[in-house]
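Only this structure's heavy atoms are used, side chains among them; waters, hydrogens and symmetry mates stay out.
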Amino acid sequence: MSKGQTKRKYTIFPFGPQHPVLPEPIQLRFTVDEERIVDVGVNIGYVHRGIERACELNDYRRNVYICERICGICNFIHALCYCMVVEKLLGLEVPERANYLRVIWSELNRLESHLLWLGLFADAMGFESLFMQFWRDRELVMDLQERTGGNRVIISTCVIGGVRRDIGRDLANLVEQGMLKLKRHMDALAPVILKDPGIKKRTVGKGILTYEDAVRLGAVGPTARGSGVAKDIRSTGYAAYGALGFEPVVEKDGDCYARLLVRFYEVYQAIDLILKALKEMPEGKIRVKPDRWPEGEATARAEQPRGELFYYAKANGSNRLERLKVRTPTLANIPSLLAMLPGYEVADIPVIVLSIDPCIACTERITYLKKDGGK
Amino acid sequence: MVRMFPNIFRNLFSKPATVKHPFVPRKPYPEHRGRIVFDMERCDLCQDCERLCPPAAIKVDPEKKTIAYDPFKCIYCHICVENCFQQAIKAEPDYTPPVYQKEIKYFKPD
Amino acid sequence: MAKSRFKSPWILHFNCGSCNGCDIEILACLTPRFDVERFGMLHMGNPKHADILLVTGPANRRNARVLRNLYEQTPDPKVVVAVGTCACTGGMFHNCPNVLGGVDKVIPVDVYVPGCAARPEAIIDGVVLALKKLAEKKVEPVKAVGGR
C-alpha cells in the first residue's frame with residue numbers, strides 16, 4: 001500500500017452470522033472503499049459441534065450415523081466415505097451390487113444438492129421465478145430419495161460392508177421415469193441458463209479465479225473445474241465409477257458463470273450416470289458383515305457436490321477409532337473465495353459467496369476448537 | 001411471442017404443484033421411515049435395541065419390564081426395527097406429530 | 001392488528017449448529033410443493049420483524065450467546081419452535097463435547113417438532129400449533145415494543 005492509500009478511510013462492516021442471504025452462520029468482515037471491496041476476513045466456528053471427538057467416543061458402527069449428520073445436503077457421500085475408510089481398515093470387499101447402489105444414491109444426492117444450489121443462486125441474482133422452478137424440480141429427486149432410501153433428506157442407507165436397502169425392479173422403473181422427467185424439465189430450463197441476458201450480466205466476469213490461482217490455493221470441485229482444472233475424484237474410480245466410465249465437466253473462464261455452467265452440466269451427467277448404473281447393475285448380495293475390529297491407518301477420498309472429501313482414520317483393534325479426521329471441500333475453497341472477492345462491488349457479494357456453494361455445517365469441526373478457545 | 005402460447009395453455013390447465021397439506025393429508029409412502037411402536041407381547045427384553053440405538057433413545061428396564069422410548073431423541077434410522085429378533089418393533093409410515101411438551105413414552109406389558 | 005398477526009405470521013429462522021437437513025426442509029416449505037405463503041407466512045431476516053422463531057440444531061457454546069440475543073430482540077408476543085430432533089434434545093449429537101443439547105437449555109421453547117430431518121409437513125403442523133399458542137399469549141400494552 002502506498003502512502004496516499006493509507007490515509008484514505010476504509011469502512012469495515014461485518015456480514016453475518018445472521019443474514020438473509022446466508023442460510024448458515026458464517027461471518028465475513030469486509031473492508032470496503034466506498035463500494036469496492038478491498039479486503040476480506042472470515043470468522044467461522046458458529047456451528048462447531050465437535051463431531052470428530054464424538055466419533056472417537058462411539059462404537060465404530062454407530063459413527064456412520066454421526067458422519068452422515070456432518071452435512072445434511074451431501075449426507076450419503078459422507079457416510080460412503082466413512083464406510084470406505086473403515087472397509088479399508090477391515091480389509092472388507094463390498095459386493096458389486098452394493099457399489100452400484102452406492103453410485104445411484106450419491107448421484108441422487110448430487111442432483112439434489114446442485115438443484116438446490118442452482119435455485120439459491122437464482123435467488124441471489126434476484127431471479128425469483130427460476131428459483132421456484134428449480135425447487136419444484138428438486139421435489140422429484142426428494143421423492144425418489146424417500147421412495148428408495150426411506151427419508152427425504154438423510155437417507156441412512158450406507159452401512160459398513162454395503163447398503164441397507166435394495167432397489168427392486170419396481171423402484172428402479174420409478175427412478176428411471178423420474179430421471180427422464182427431470183431431464184425434460186432441465187431441457188426446458190436450459191435456454192434460460194444459456195441465453196438469458198440478466199443472468200449473464202450478473203455473473204459473467206464476476207469473481208474471477210484464474211487457473212494458476214485455483215491450483216495454488218488448492219480449490220476443489222466445481223470451483224476448480226470452473227477454472228479449467230480437470231480435478232474430479234470420481235475419475236479415480238471408487239465404488240462403481242470406474243466401471244461406469246467417467247469424464248469430468250470442465251469450463252475455462254473461471255468466473256461465476258463458468259461455475260454455474262459446470263453445475264448445470266453436472267446435473268445432466270448425474271442423470272446419465274444414474275440411468276447407466278440402473279441398466280448395468282448386477283444381481284447379488286448387497287451387504288457383508290464385518291467379522292473383526294478395525295486396525296491400522298487408512299485414508300479415503302470421495303467427490304461431494306462441492307468438491308473433494310477426505311477421511312483419515314486410525315484404529316487400534318478395539319471397537320472404537322483412535323482418531324478420525326475429516327477434510328471437507330468448503331474449507332478448501334475458502335482461500336479461493338477470499339482471493340475472488342477483492343475488487344468487486346458490495347452488490348456482487350451474495351453472488352460470489354454463493355458461487356463456491358458454501359456449506360458451513362461441513363466446515364466446522366475439531367480443527368477450529370483451538371482457535372475458538374484462544375479467543 | 002407465439003412460442004409462449006403452448007406454455008401458457010399448459011400452465012393454465014395443468015395440476016398445481018402445491019400439495020394442500022394441512023387440509024388434505026397426504027398419503028405417506030410405505031417406504032418412509034416413520035414412527036416406532038413397541039409390541040410388548042412379543043418383546044423379550046433382550047436390550048439389543050438399547051445397545052444398537054445411535055442416539056441412545058431407548059432404555060430397557062428388564063426388572064420393571066418397561067421400555068422407555070424418547071421420540072424426541074430418536075433419529076428414525078430404523079436400525080432397531082431391522083435388528084429386532086422378535087420383530088417386536090413396528091414401524092409406521094407416518095411421522096411423529098409436533099407437540100407442546102416433550103414426553104418420554106413408556107411401554108409396559110398389559 | 002393483533003388479529004393480523006395470526007393471519008400473517010412472520011418467521012425468523014436461525015441455524016444454531018444443525019446439519020443443514022432441517023434448514024433445507026424449512027426452505028422447501030417456502031417453495032411450490034409446500035407453499036407456506038398460502039398462510040401468509042413470510043421468511044424474514046430481521047429479528048425485530050418476526051413473530052415466530054424457528055430454531056434448528058443443538059445449541060453449542062458459541063452459538064448460545066447469539067441465540068439468546070436474537071430471542072431478546074424479537075418483540076413480544078413471540079413463539080419459539082424447535083425444529084428437528086437435535087433442537088429438541090440434542091439427538092445424534094447428545095455426546096458431542098461442544099454441544100449443550102437442545103435449544104431449551106438456552107431459551108424457552110413452545111413447540112417441539114421431532115424428526116431427523118423434520119419433514120416439511122411436520123414443520124407446517126408445528127407452525128400451526130405455534131399460531132394457536134401465539135393467540136393464547138396476551139398482547140402486552142404497547143410500550144414501544146418493536147413498533148407494532
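- Put simply, of C:Thr85, C:Ile123, C:Val83, the one with the most heavy-atom pairs under 4.5 Å next to chain B is C:Thr85.
- Taking C:Leu129, C:Val81, C:Asp35, C:Val128 one by one and counting their heavy-atom pairs under 4.5 Å with chain B, the maximum is reached by C:Leu129.
- Contact between B:Pro55 and C:Gly91 at its shortest, heavy atoms only, is CB-O, 3.5 Å.
- In this structure, chain B has heavy atoms under 4.5 Å from both the backbone and the side chain of C:Arg33.
- Counting all heavy atoms, side chain and backbone alike, B:Tyr76 lies closest to C:Cys116 at CD1-N, 4.1 Å.
- Scanning residues 38-46 of chain B against chain C with a 4.5 Å heavy-atom cutoff picks out nothing at all.
- B:His78 meets the side-chain contact (heavy atoms from CB on, under 4.5 Å) test with A:Arg164, B:Arg33, B:Ile36, B:Val81, B:Ala91; sequence neighbours excluded.
- Using a 4.5 Å cut-off between non-hydrogen atoms, the part of residues 58-72 of chain B that approaches chain C consists of B:Asp70, B:Pro71, B:Phe72.
- Within residues 96-108 of chain B, the residues that have a heavy atom under 4.5 Å from a heavy atom of chain C are B:Thr96, B:Pro97, B:Pro98, B:Val99, B:Tyr100, B:Gln101, B:Lys102, listed by number.
- For C:Arg38, the CZ atom counts as densely surrounded, since its 6.0 Å shell holds more than 12 non-hydrogen atoms of other residues, nucleotides or ligands.
- Using a 4.5 Å cut-off between heavy atoms, B:Cys74 touches chain C through its backbone atoms (N, CA, C, O) alone.
- The shortest heavy-atom contact between B:Ile75 and C:Met92 is CD1-SD, 3.6 Å.
- For C:Asp110, the part lying near chain B is the backbone, with the side chain staying farther off; criterion is any non-hydrogen pair under 4.5 Å.
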